[in-house]
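Counting begins at 1 with the first residue of the sequence.
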Amino acid sequence: MKKKPVYSFLKRCFDLVFSFVAIILLSLPLLIVAIMVKCDSKGPVFFKQDRIGKNKKIFKILKFRSMYTDTDPNAPTHQLDHADAHITKVGKFIRKTSIDELPQLFNIFAGQMSFVGPRPALWNQDDLIAERDKYHANEVKPGLTGLAQISGRDELEIPVKAKFDGEYVEKRGIFYDVGLLFRTVFSVFRHEGVVEGGTGEMHKEEKPEKQ
């Protein structure tokens, strides 16, 4: 994988400045969402989970809690039976709008994540981690959004998702990252690719049912 020291420096400066500004500007909305989560169901406001960071270093990702506390915290959503039943009322709204991801601004400020990069895999998602190894996608900092997120998100099968992550690794650059951020805004407003409990839904719809 080609190293890009100038890009890495500029990207870290961008992440540091804009995550700090975003945290300040969104402090009131973040507080309101925190109150909504707390009033909606029992449990903590935030959800912490082990994820794979740059060079497979594990870190704690931060999200607004969107599921009931008796849900297995280490199970990917697509492996849960009746995933919708595990999601709280407020959780359904903040997941559909991606508001549950906003606390990751603190992960970005701390240097564990970036605004743009492959979405961090769960520590036990061996299939996704192995696929990303083929494209050096585990060697870059994970992101709040990425090429796979605006190209299908939950609808993508794991090999396809990893291939998009690899494409990002090859094309990454400041202007490319900014372009992905703008495309993410439009994707979030249209709720594109959000399929609770689904991975590869785009292709599942194309496959005939077994008789």
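With sequence neighbours excluded, no residue forms a side chain to side chain donor-acceptor pair (under 3.5 Å) with K4. Applying the side chain to side chain donor-acceptor pair (under 3.5 Å) rule to E101 yields the partners Q104, R119; only residues at least two apart in sequence or on another chain are considered. Partners of K134 according to the side chain to side chain donor-acceptor pair (under 3.5 Å) rule, which considers only residues two or more places apart in sequence or in another chain, are E131. Residues passing the salt bridge (charged side-chain N to carboxylate O under 4.0 Å, His left out) test with R51: none are found, sequence neighbours excluded.
The number of heavy atoms from other shown groups lying within 6.0 Å of CZ (F106) does not exceed 12.
Side-chain atoms of K11 come within 3.5 Å of backbone atoms of V116 as a donor-acceptor pair (strictly under, hydrogens ignored). With hydrogens and angles ignored, the 3.5 Å screen pairs a side-chain donor or acceptor of Q49 with a backbone N or O of P73. A donor-acceptor pair under 3.5 Å links the side-chain atoms of R65 to the main chain of P44, judged by distance alone. Remark: side-chain polar atoms of D165 are not paired, donor with acceptor, to backbone N or O of R132 under 3.5 angstrom. Without hydrogens or angle criteria, K141 side chain to G111 main chain gives a donor-acceptor distance under 3.5 Å. Without hydrogens or angle criteria, N138 side chain to I129 main chain gives a donor-acceptor distance under 3.5 Å.
Taking CG of N107 as the reference point, atom CD of Q112 lies at 5.0 Å (rounded to 0.5 Å). To the nearest 0.5 angstrom, K92 atom NZ is 14.0 Å from T97 atom OG1. Rounding to the nearest 0.5 Å places OH of Y168 at 15.0 Å from CZ of F164. The CG atom of L144 lies 7.5 Å from the CG atom of L102; values are rounded to the nearest 0.5 Å. In this structure, the separation between OG on S151 and CG on L180 is 8.0 Å, given to the nearest 0.5 Å. Between atom CZ of residue F9 and atom CZ of residue F14 there is a gap of 14.5 Å, rounded to the nearest 0.5 Å.
A side-chain hydrogen bond (donor to acceptor under 3.5 Å, both in side chains) check over residues 13-24, counting only residues at least two apart or in different chains, returns the pairs D15-S114. Residue pairs satisfying the ring pair (Phe, Tyr, Trp, His ring centres under 6.0 Å) criterion with at least one member in residues 38-69, sequence neighbours excluded, are listed as follows: F46-F64.
When every heavy atom of T69 is checked against every heavy atom of K42, the shortest pair comes out as CG2-O, 3.4 Å. Between G166 and Y135, the closest heavy-atom pair is CA-CB, 3.4 Å. Shortest non-hydrogen contact noted between A148 and L156 is O-CD1, 3.5 Å. T88 approaches S41 most closely through the heavy-atom pair CG2-OG, 3.5 Å. Residues A137 and V169 share a closest heavy-atom pair of CA-CG2, 3.8 Å. Of all non-hydrogen atoms in G91 and I87, the two that sit nearest each other are C-CG2, 3.5 Å.
Using a 4.5 Å cut-off on side-chain heavy atoms (C-beta onward), K60 and D50 make contact. Side-chain atoms of V37 and I94, non-hydrogen and from C-beta on, do get closer than 4.5 Å to each other.
Cluster annotation: I35 is not connected to M67 through the hydrophobic network of ILVMFWY side chains, with a link wherever side-chain heavy atoms come within less than 4.5 Å. A single hydrophobic cluster is not seen to contain both W123 and I158; linkage of ILVMFWY side chains at heavy-atom distances under 4.5 Å, directly or through other members, places them apart. The cluster map of Ile, Leu, Val, Met, Phe, Trp and Tyr, joined by side-chain heavy atoms under 4.5 Å apart, puts L31 and V21 in different clusters. Using a 4.5 Å cut-off between side-chain heavy atoms of Ile, Leu, Val, Met, Phe, Trp and Tyr, with links allowed through other members, L10 and Y176 fall into the same hydrophobic cluster. Following chains of ILVMFWY side-chain contacts shorter than 4.5 Å, one cannot reach I52 starting from L62, and the two form parts of different hydrophobic clusters.
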(message) Show, in sequence, the C-alpha distance, side-chain angles and deciding distance for K54 and V140, and conclude whether the side chain to side chain contact (heavy atoms under 4.5 Å, CB included) test is met.
(response) CA-CA 5 Å; K54 184 179 179 179; V140 299; 5.7 Å; no
(message) Please determine whether side chain to side chain contact (heavy atoms under 4.5 Å, CB included) holds for the pair L105 and F115, giving the CA-CA distance in whole Å, both sets of side-chain angles, and the decisive distance to 0.1 Å.
(response) CA-CA 8 Å; L105 289 168; F115 274 104; 3.8 Å; yes
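The residues K89 and D40 are annotated as not salt-bridged, no charged nitrogen and carboxylate oxygen being separated by less than 4.0 angstrom. Taking a cutoff of 4.0 Å between a charged side-chain nitrogen and a carboxylate oxygen, E167 and K163 do not qualify as a salt bridge. Checked for salt-bridge contact, D133 and K56 meet the test: a charged N lies under 4.0 Å from a carboxylate O. Looking at D177 and R172, no side-chain N of the basic residue comes within less than 4.0 Å of a carboxylate O on the acidic one, giving no salt bridge.
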